[in-house]
Amino acid sequence: MQELETIFKEAVVKALAALYEAEVSVESVQVQGTRKEIAGDLTVVVFPFLRFSRKGPEQTAEEIGAYLKENVDLIEDFSVIKGFLNLEIAASHWKSMLDYITENPNYGFTSVTSDSPLVMVEYSSPNTNKPLHLGHIRNNLLGWSIAEILKATGNKVIKTNIVNDRGIHICKSMLAWQKWGEGRTPQSSKMKGDHLIGDFYVKFDKEYKKEIAELVAKGMAKEEAEENSPLMQEAREMLRKWEAKDEDVYALWQKMNSWVYDGFDITYKRLGVDFDKIYYESDTYLVGKEKVLEGLEKGMFYKREDGSVWANLNAEGLDEKILLRSDGTSVYMTQDIGTAKLRFDDFSIDKMVYVVGNEQNYHFQVLSILLTKLGFEWGKDLKHFSYGMVELPEGKMKSREGTVVDADDLMDEMIDVARSTSEELGKLEGYSKEEAENVYRQVGMASLKYFILKVDPKKNMVFNPKESIDFNGNTGSFIQYTFARICSIIRKAEEDGVMYNTTVDADVQLSSQEVELIKSLTRFKSIIEEAATLYSPAIIANYVYDLVKDYNRFYHDCLILKEENESLKMFRLKLSSNVAQILKRGMGLLGIEMPKRM
RNA sequence: GGUUUGGUAGCUCAACUGGAUAGAGCAACGCCCUUCUAAGGCGUAGGUUCUGGGUUCGAAUCCCAGCCGAAUCACCA
């Protein structure tokens with residue numbers, strides 16, 4: 001199936017050659033969807049051709065229009081407004097498009113073959129010292145969704161996670177637990193492990209601050225106090241012991257991390273995200289260290305007097321970057337180098353995508369350069385899928401001020417609101433308690449996921465915890481609701497034994513609303529492709545919303561089951577069923593489930 | 001301060017990457033359920049697209065200058 005736009009662009013090229021002996025490339029022809037208020041389906045912008053025609057815009061458009069109408073079967077008629085040539089496409093074309101989409105239930109998706117490129121998508125990448133929050137939710141949803149979108153555009157995808165399971169921050173919660181934990185476990189305290197550990201991380205920070213304040217009160221300078229804080233020194237000592245694989249520290253580390261993982265697993269499962277391969281920083285940081293030392297030997301990096309290792313990136317227009325601390329321990333960058341090496345050893349990756357917040361743009365710029373320097377030819381091609389922060393109305397979320405929106409809490413809240421809304425409306429009669437709960441979960445999660453994913457990933461976004469996320473308007477549940485209404489109609493049609501998925505009858509007269517809907521359905525493929533090239537699930541979210549709005553108007557204005565004209569009724573059922581399918585598959589790319597009733 | 005990035009209705013977001021009269025939702029105010037799910041539909045009101053220049057048939061979009069915000073430039077991850 002060749003794209004309609006391409007066909008028209010080529011036709012315009014021919015028209016220009018025939019009319020004005022002009023040679024233009026297919027790409028330079030602008031064809032766009034006609035504005036809704038104006039008659040027509042596709043519009044050619046003729047301004048760029050005036051230099052060939054040497055005539056006014058109207059006349060040029062008329063001439064090209066006449067040529068196209070004459071030479072392209074699909075074109076029924078045309079009209080000219082200013083420099084815009086609006087082309088009207090034959091209704092039969094739209095009918096056959098609907099038939100085509102019905103017969104190809106995978107319409108829009110490109111299938112994966114053995115030659116398809118292998119893309120690895122890294123996302124989530126949590127620290128094991130605190131539970132996941134709203135920022136992580138955005139990361140996880142974007143990562144999972146972009147992986148699905150890449151699959152849908154014909155890539156093999158491996159979803160991966162790098163768990164930051166070691167480092168001073170982990171030691172802080174371990175130390176706090178040792179000191180003040182009194183042997184508490186997730187079981188004994190009836191808490192998710194990640195929340196339990198998070199509390200001790202906060203506890204450490206509190207005690208540390210207290211210590212500093214006391215030292216400063218005794219007359220010590222703040223910086224000196226931070227350096228000499230006994231707590232911090234203990235934490236550092238613990239990190240050294242950990243690196244030396246001290247038995248007790250290691251055992252404690254393993255125990256506490258396993259608590260956190262149990263907690264994360266629950267959160268991931270509720271979010272509906274998963275991974276094909278998980279890497280742990282504790283396994284990769286030494287590999288990175290090795291590569292850095294190798295680079296040092298080859299003279300790519302240099303050592304300072306205190307023993308720390310640095311890369312000088314002045315030639316690339318950047319600063320100097322530390323790669324190993326003076327005590328020989330590794331930093332963030334070191335482990336990313338190691339992880340990259342392990343991954344490319346494990347898989348024959350064609351493209352590596354990192355889903356990481358835009359606060360780390362600099363980090364990935366540097367990583368790309370360093371990997372290239374170290375001889376990884378794919379270094380320069382790595383893709384940093386950089387997304388914006390989630391902010392509160394008053395600014396950044398701050399864990400210290402307790403303004404962090406916890407992922408588990410937020411999901412609970414969304415599902416609670418979905419439950420009470422649904423119970424009020426009382427539309428789930430006949431459903432068992434489990435079935436109903438499942439719908440509440442689907443609706444609550446849909447509103448949350450859609451709220452996050454409908455926003456352009458590049459942009460920062462605002463979340464106001466005081467106003468709960470909407471269930472009306474441009475929301476996930478609105479889209480689900482439309483889907484449920486279609487399902488209800490289809491259910492009834494099937495109960496009556498109506499066979500609607502037959503070829504559209506030639507006698508059926510399409511209304512402009514119906515043509516709009518079919519047009520929207522045909523755009524699905526190019527929408528997915530655009531979402532993939534721009535790394536933007538938001539494009540799919542906004543497309544689905546537009547489709548739903550159009551459908552609701554149609555649903556309101558037109559009879560479907562009660563339509564008396566049989567072939568028109570069949571057509572409308574078929575159209576509705578296709579809209580539902582595209583909705584379901586589009587939302588599927590966003591990880592949003594679609595209930596048949598709600 | 002350097003670099004990167006953003007500024008669109010009261011609020012949250014769109015705008016097919018330079019196209020026609022800048023669109024949705026929320027909030028406000030009117031309508032529409034004895035018709036297929038009203039978590040819906042229709043309407044009213046709301047805009048100097050931060051400001052000022054420039055580029056051209058045409059600018060929210062590109063360029064320059066300024067104002068405001070964010071991120072980053074760490075022996076934190």
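Quick note: numbers below take in every heavy atom, side chains included, and nothing from hydrogens, waters or symmetry partners.
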Would you classify [X] as touching base, sugar-phosphate or nothing, given that sugar-phosphate means primed atoms plus P, OP1 and OP2, and contacts are heavy atoms under 4.0 Å?
X        : value
A:Asn86  : base
A:Tyr545 : sugar-phosphate
A:Leu318 : nothing
A:Ile527 : nothing
A:Leu324 : nothing
A:Cys487 : nothing
A:Lys130 : nothing
A:Met461 : sugar-phosphate

For this session: Report yes or no: do A:Glu63 and A:Tyr20 form a side-chain donor-acceptor pair below 3.5 Å?
Result: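 On atom types as modelled, these side chains qualify, holding a pair under 3.5 Å.
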Exercise. Judged by modelled atom types alone, do A:Thr43 and A:Asn86 share a side-chain donor-acceptor pair under 3.5 Å?
Worked result: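 Yes, A:Asn86 and A:Thr43 have a side-chain donor paired with an acceptor closer than 3.5 Å.
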Going by purine N1 to pyrimidine N3 plus the second Watson-Crick contact, or the G-U wobble pair, all under 3.5 Å, which nucleotide sits opposite [N]?
N     : answer
B:G1  : B:C73
B:G30 : B:C42
B:A15 : none
B:C36 : none

For this session: Answer yes or no: is there a donor N or O on one side and an acceptor on the other, between the side chain of A:Asp165 and the main chain of A:Ser282, under 3.5 Å?
Result: yes
Exercise. Distance check: side-chain N/O of A:Arg325 vs OP1/OP2 of B:C76, anything under 4.0 Å?
Worked result: yes
For this session: Give a yes/no on whether any side-chain N or O of A:Ser488 is located under 4.0 angstrom from OP1 or OP2 of B:U37.
Result: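 Checking A:Ser488 against B:U37: at least one side-chain N or O falls below 4.0 Å of OP1 or OP2.
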Take atom [atom1] in [N] and the same atom in [M], then report the distance between them in whole Å.
N     : M     : atom1 : value
B:A14 : B:A9  : C1'   : 13 Å
B:A22 : B:G47 : P     : 13 Å
B:A60 : B:G41 : C1'   : 31 Å
B:C29 : B:U34 : P     : 24 Å
B:A38 : B:A71 : P     : 46 Å

Output one line per pair: protein atom, nucleotide atom from nucleotides 41-43 of chain B, and distance, for all N/O pairs under 3.5 Å.
unit_1, atom_1, unit_2, atom_2, d
B:G41, O2', A:His556, ND1, 3.1
B:C42, OP1, A:Arg553, NE, 2.4
B:C42, OP1, A:Arg553, NH2, 3.4

Problem set entry | A:Tyr201/A:Phe204 aromatic ring centres below 6.0 Å | no
Exercise. Just one of A:Arg572, A:Lys574, A:Arg553, A:Lys519 clears the salt bridge (charged side-chain N to carboxylate O under 4.0 Å, His left out) bar with A:Glu514, so which one?
Worked result: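 Testing each of A:Arg572, A:Lys574, A:Arg553, A:Lys519 against A:Glu514, the sole residue satisfying salt bridge (charged side-chain N to carboxylate O under 4.0 Å, His left out) is A:Arg572.
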